[in-house]
Each structure stands twice: as C-alpha cells, then as structure tokens.
Amino acid sequence: MSSNPTDAPNGPHVSRREFDALFETVRTWGRWAPEGRGAWNRVTADHVRRAAALVRSGTVVPMARPWDTTPGPDNGRPALHYMSDLGDVVAPEPSAHKDFIGADYHGKAVSHLDALSHIAYRGRFYGGGTARELVGAAGTRFGDVAALGSLVTRGVLLDLPAASGTTWLEPGQAVHAADILAAETALGVETGEGDAVLLRTGRFRRRRELGAWDLDAASAGLHVEAMPLLAERGIALLGSDGDSDVRPSPVEGLHSPVHTLAIAAMGVPLLDNLDLEALSAACAEAGRYAFLLLVAPLNVPGGTGSPVNPIAVL
C-alpha cells in the first residue's frame, strides 16, 4: 500500500498494480463446482445444522429496508409501487385489490443480493468467462441469481460502532483488517468457514438522525487491505448496511474494489443496503453476535441479483 492508513479516512491509496496483485492473492477460480455458486459451495449440510443450533430465543430479525419510492440523495432511481386494480375491475364480490412493484435495485436504496454476474474485472467474470460473451439482452448465462438459490448458514454481525464505542462510522471511513480483529475481540465472535459476515457501519442510524447523503460520494466500508483476512477465513457471503466498499475508493481508477475482489476474485456474493439497526439491538440484548441466517433471493433466471429480505434468527 502506498501510504499510512491514517493519511486519509479512506486510505491508504492503492495503485492498480498493487490491486492486481491482491486480486491474484485472494482469487479462487476453479475451486468449486458448480462455479456459478462460487463461495456458496462452502456451505454444507453440517454448516446448516450448526447454524440451526444457534437458535435459542427464537427472535426473528428481518433486515430489508422498506420499499423506497421517494427520490433522495441516496435514491436516484426510486422503486415503483402503484395500484393496478382498485377493486373495480372484476366482479364485485369479493373485491380484489392488486398492485405492481418494480425496481432498478442495484444502487444505494434497495436491500439486494449481488450474484456473481454482477461484477466483471478486466472483462472477465469469476472463473474467467468473458462478460461480453455471457451477457445479453435476455440476461446472463453465467452466475445468475437463480444458480445461487437460497442460503442458510451462520451469520456474524461485525457491529463496528458497538465494538468501538461510537454511534456510527463517518462516511468515507475505511475499515481495515485490524478493525475487524478488534471488533471480533470486543464482540466475542470470530468469523469462520462458510459464514455470512455482515458489516454494520451505522448508516441508517446516522441517516435517521442527520438525513440522507450521497453514498457514491462518501460511505464507510471495507478497505481492500481487509479482504485477505476474510479470504483466509473462508467466508461464503459478505453484507453491509452500505455496499461493503469504502467511498471514495482508495484504488486508482477503480470505483468498487471490494465488489471486484469479493465477487470477481473470491466468488463471494454481496448483500447491499441492509438495515442492521434492529439486528444490532437484538445481538446486544442477547449478548452474542452469531445467529442463523436465511437468504432467499427471487428465482430470476439470467438475473444479476435480486431484491431480498435476509432473516436472522437468534
């Protein structure tokens, strides 16, 4: 890395040469079949049974944001919701009321899952397939969300504000490997093989108290320096109340370097824009930060991801 992490909140600066070396360090191409499920292949029936054993109180915590139809600094492409039947179309009894929803969900507003076809680096998807050959008007022929299916595994909340005694991380603040290790120590949890790691920065606490802001300009998230640690731990899924990337990006000429390392190098799908405030409170009350996690995206053949409402059960 080119400078000390304290030189800038999102630092240190990383050159493309350094980033490409890091990409090769964490790359797992050719490790699993089917390749389109990537690191979700790590999760076995034993992982599911061990995760189910974490359920004690039966507390259920959903993590999806409300369907957001209001334009704002962090919602440039608002979701759609309108009534398609007000109960006056079909025979009068019983009246039927119908509505339509739609979303351009990749962005900063909708809670969603990124499949492996969402990100290509230097024109290639995870595993080496050429994006231009695999993606067309009908969708993608590799790494679609339908190939992922559902995931049940152990979830780990890395509640960084709780671990550091702050209310939230400020936009633009980078999270390093040392911060992850310190959070694990403070929270009494350690990430492991097949886990889903959820990173709370306190985004929605800050948003509720101070208002929305442009997350493309500044958001707290992981520095690429933290990714080798997560690769060594063998995680299956990475999520955040942002999109996992610190912004501005510390990598020269690359706007989403953590997306690139996680999806295109490691085969790790991402969960973006989770509201982790209720989960933070539930974990604090329970005194533990590991739980059963269920992720069930929509079955969209050819889709690069899906809106999703992950569920934690403590």
Any pair counted as ring pair (Phe, Tyr, Trp, His ring centres under 6.0 Å), so long as it reaches residues 36-80, sequence neighbours left out: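 Listed once each, the pairs would be none.
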Among Asp68, Asp99, Thr69, the one residue meeting side chain to side chain donor-acceptor pair (under 3.5 Å) with His81: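 The side chain to side chain donor-acceptor pair (under 3.5 Å) with His81 is passed solely by Asp99 among Asp68, Asp99, Thr69.
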Side chain to side chain donor-acceptor pair (under 3.5 Å) partner of Lys108, the single match among Asp243, Asp74, Asn273: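 Among Asp243, Asp74, Asn273, the one meeting side chain to side chain donor-acceptor pair (under 3.5 Å) with Lys108 is Asp243.
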Exercise: do [X] and [Y] side chains pair donor with acceptor under 3.5 Å:
{"X": "Arg247", "Y": "Ser256", "answer": "yes"}
{"X": "His112", "Y": "Asp114", "answer": "yes"}
{"X": "Asp241", "Y": "Thr201", "answer": "yes"}

Test: Arg206 and Glu170 ion pair at under 4.0 Å: yes
Test: Asp275 and Arg65 ion pair at under 4.0 Å: no
Partners meeting ring-ring contact (aromatic ring centres under 6.0 Å, His included) with Tyr121 (sequence neighbours left out): Phe19, Phe23
Check: Glu184 and Leu158 side chains under 4.5 Å, non-hydrogen atoms: yes
Test item: Pro34 and Asn41 side chains (from C-beta on) under 4.5 Å apart, heavy atoms: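 Result yes, sub-4.5 Å side-chain heavy-atom pair found.
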Parallel, tilted or perpendicular, as decided by the 30° and 60° cut-offs, for the rings of Trp29 and Tyr126: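 It falls in the perpendicular class, over 60°.
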Axial cation check for Trp168 ring with Arg207, 6.0 Å and 45° limits: no
